[in-house]
Amino acid sequence: MNDSDMQHLRRCIELATEALEAGDEPFGSVLVSADGKVLAEDRNRIASGDSTRHPEFALARWAAENMPPEERAKATVYTSGEHCPMCAAAHGWVRLGRIVYVSSSEQLTVWLTELGVALPPVRSLPIQDIALDVPVEGPVAGLDEEVHELHRRLHAGA
Ligand SMILES: [Zn+2]
């Protein structure tokens with residue numbers, strides 16, 4: 001984990017904050033090429049009524065449409081929260097490369113349980129249980145507390 005990784009992860013948290021403030025859930029992701037260029041970024045957009053509008057899914061589709069396979073394999077997806085099984089599958093199907101996440105799905109499950117919030121309708125599984133041969137790094141101590149705070153804000157008063 002170097003300075004550039006941290007910079008991209010901070011951008012994911014900014015995007016997650018933007019999502020929260022727009023009435024969506026606090027998740028944000030950035031797709032970065034092998035040479036360190038930000039190719040695309042997105043945030044959760046489920047307030048539209050479509051609960052599949054996760055940023056990691058959007059980035060996998062963007063990569064499939066815009067990147068040749070050899071570039072996808074060398075790219076990195078940074079994200080505020082570990083991919084859900086749907087997004088991990090999309091990442092695996094389009095054969096993207098490394099994933100770096102701030103907070104894990106396991107942490108999210110603990111946080112939601114502590115907040116007394118209903119768990120999502122899709123089982124929480126580690127990325128490696130879904131997408132094979134994808135290098136995965138996370139969670140990131142310190143930054144994960146910022147994501148925790150966004151989830152507290154989401155469910156405040158719930
Ligand atoms: Zn997802």
Side-chain angles (χ1 to χ4, degrees), residues 5-33 37-67 72 75-94 96-127 129-131 134 136-158:
D5 290 327
M6 290 301 282
Q7 189 186 324
H8 294 309
L9 292 173
R10 288 213 174 82
R11 178 59 185 152
C12 292
I13 293 176
E14 278 179 17
L15 289 160
T17 305
E18 189 185 298
L20 179 68
E21 286 167 359
D24 295 292
E25 291 188 349
F27 296 95
S29 313
V30 178
L31 173 63
V32 177
S33 67
K37 191 170 152 229
V38 175
L39 299 174
E41 54 181 38
D42 207 348
R43 62 169 180 81
N44 179 283
R45 298 180 188 278
I46 66 160
S48 62
D50 179 353
S51 296
T52 69
R53 296 285 301 276
H54 297 186
E56 303 92 335
F57 198 5
L59 293 183
R61 285 199 155 143
W62 188 94
E65 283 169 21
N66 296 284
M67 299 171 77
R72 274 181 245 153
T76 299
V77 172
Y78 295 88
T79 191
S80 62
E82 182 177 6
H83 290 45
C84 75
M86 172 184 75
C87 296
H91 185 102
W93 279 120
V94 306
L96 273 162
R98 175 176 173 238
I99 292 174
V100 186
Y101 62 75
V102 177
S103 61
S104 68
S105 299
E106 189 182 356
Q107 285 177 301
L108 180 60
T109 299
V110 170
W111 296 341
L112 294 179
T113 303
E114 283 171 358
L115 288 164
V117 176
L119 296 177
V122 173
R123 190 187 305 279
S124 170
L125 292 170
I127 291 166
D129 283 5
I130 307 286
V134 175
V136 179
E137 290 174 58
V140 181
L143 271 191
D144 58 356
E145 202 36 54
E146 295 185 28
V147 175
H148 190 180
E149 180 55 27
L150 293 176
H151 286 279
R152 275 196 212 101
R153 281 175 60 191
L154 172 67
H155 298 290

Contact check, side chains of [X] and [Y], non-hydrogen atoms, under 4.5 Å:
| X | Y | value |
| --- | --- | --- |
| Pro26 | Arg153 | no |
| Glu149 | Trp111 | no |
| Glu25 | Arg53 | no |

Could you check Arg123 against Asp129 for salt bridge (charged side-chain N to carboxylate O under 4.0 Å, His left out), going step by step and ending with a plain yes or no? CA-CA 12 Å; Arg123 190 187 305 279; Asp129 283 5; over 6 Å; no
Tell me the closest heavy-atom pair linking [X] and [Y], and the distance in Å.
| X | Y | value |
| --- | --- | --- |
| Pro120 | Leu112 | CD-CD1, 4.0 Å |
| Asp42 | Ala58 | OD2-CB, 3.3 Å |
| Cys12 | Gly28 | CB-O, 3.4 Å |
| Ala47 | Gly23 | CB-O, 3.5 Å |
| Ser105 | His83 | OG-O, 3.8 Å |
| Ala64 | Arg72 | O-NH2, 3.8 Å |

Listed partners of Glu114 passing salt bridge (Lys or Arg N to Asp or Glu O under 4.0 Å), at least two apart: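 In terms of salt bridge (Lys or Arg N to Asp or Glu O under 4.0 Å), with neighbours along the sequence ignored, Glu114 is linked to no residue.
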Distance in Å, [X] [atom1] paired with [Y] [atom2], rounded so as to fall on 0.5 Å steps:
| X | Y | atom1 | atom2 | answer |
| --- | --- | --- | --- | --- |
| Leu59 | Cys87 | CG | SG | 9.0 Å |
| Glu82 | Leu108 | CD | CG | 9.5 Å |
| Leu31 | Thr79 | CG | OG1 | 11.0 Å |
| Asp144 | Glu146 | CG | CD | 9.0 Å |
| Glu145 | Leu150 | CD | CG | 10.5 Å |
| Glu56 | Ser80 | CD | OG | 7.0 Å |

Under 3.5 Å donor-acceptor, His148 side chain and Leu143 backbone: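 No, the answer is negative, given that no donor and acceptor are paired below the 3.5 Å cut-off.
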For Phe27 and His151, what are the C-alpha separation, side-chain angles and deciding distance, and is it a side chain to side chain contact (heavy atoms under 4.5 Å, CB included)? CA-CA 9 Å; Phe27 296 95; His151 286 279; 3.5 Å; yes
Check the pair Leu119 / Thr109 against side chain to side chain contact (heavy atoms under 4.5 Å, CB included), numbers first and verdict last. CA-CA 7 Å; Leu119 296 177; Thr109 299; 4.1 Å; yes
Does the side chain to side chain contact (heavy atoms under 4.5 Å, CB included) test come out yes or no for Val140 and Met6, once each step is laid out? CA-CA 9 Å; Val140 181; Met6 290 301 282; 4.1 Å; yes
So, Glu14 and Arg43, do they make that salt bridge, N to O below 4.0 Å?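 Salt bridge: no.
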Only one of Val100, Val30, Ile99 clears side-chain contact (heavy atoms from CB on, under 4.5 Å) with Thr76; which?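 Filter result, single survivor: Val100.
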Evaluate whether atom CD of Glu18 has more than 12 neighbouring non-hydrogen atoms of other residues, nucleotides or ligands under 6.0 angstrom away.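 Above 12, so yes.
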Output, in order, the C-alpha distance, side-chain angles, deciding distance and verdict of side chain to side chain contact (heavy atoms under 4.5 Å, CB included) for His54 and Asn44. CA-CA 5 Å; His54 297 186; Asn44 179 283; 4.1 Å; yes
